[in-house]
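Here's the structure we're looking at; comments come further down.
Nothing here was measured: the structure is a model prediction, and the numbers come from that model.
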Amino acid sequence: MMTCILSWFLCFWGAFSAFAGWEKQGEDYRYRNEGGTYAASQWVMDQGNYYYLGADGTMWSNTTTPDGYLVAADGSWVLENPGFRSYDN
């Protein structure tokens, strides 16, 4: 009986242990994919907004991405830019 309960618990927990979403690590944010890996050097979409993650997997903010787009203080892509300005990397 105990083996059955333990097996069920491990199966249940394993099914939900890897989830997609943001994780705060120190002062930085990283995005974990559904498979459990971290996104890096790419854009991710979350709740209708795009965010850029650098090679180290941390979210960029208040800067220009390698492909030339601006990201705001919260890390979201600046879709409309009244009066172009470029952030220094």
Could you report the tightest heavy-atom contact between [X] and [Y], atom names first, then the distance?
X     : Y     : value
Ala55 : Ala40 : O-CB, 3.6 Å
Val71 : Ser61 : CG2-CA, 3.9 Å
Glu27 : Lys24 : CA-CE, 4.3 Å
Ala39 : Val44 : CB-CG1, 3.8 Å

Original post:
Can you hop from Trp22 to Met45 via hydrophobic side chains spaced under 4.5 Å?
Top reply: no
Original post:
Are Trp77 and Trp60 in one and the same hydrophobic cluster, where Ile, Leu, Val, Met, Phe, Trp and Tyr link if side-chain heavy atoms are under 4.5 Å apart?
Top reply: yes
**OP:** Could you check if a side-chain atom of Tyr50 sits within less than 4.5 angstrom of a side-chain atom of Ser76, using non-hydrogen atoms only?
**Re:** no
Original post:
Below 4.5 Å, heavy atoms only, C-beta onward: do Thr65 and Trp43 meet side chain to side chain?
Top reply: yes
Quick one: [atom1] on [X] to [atom2] on [Y], what's the gap to the nearest 0.5 Å?
X     : Y     : atom1 : atom2 : value
Asp74 : Met59 : CG    : CE    : 7.0 Å
Asp28 : Leu53 : CG    : CG    : 10.5 Å
Tyr31 : Thr58 : OH    : OG1   : 16.0 Å
Leu70 : Tyr52 : CG    : OH    : 14.0 Å

**OP:** Check for a donor-acceptor pair, side chain of Asn33 on one end and backbone N or O of Gly35 on the other, with a separation under 3.5 Å.
**Re:** no
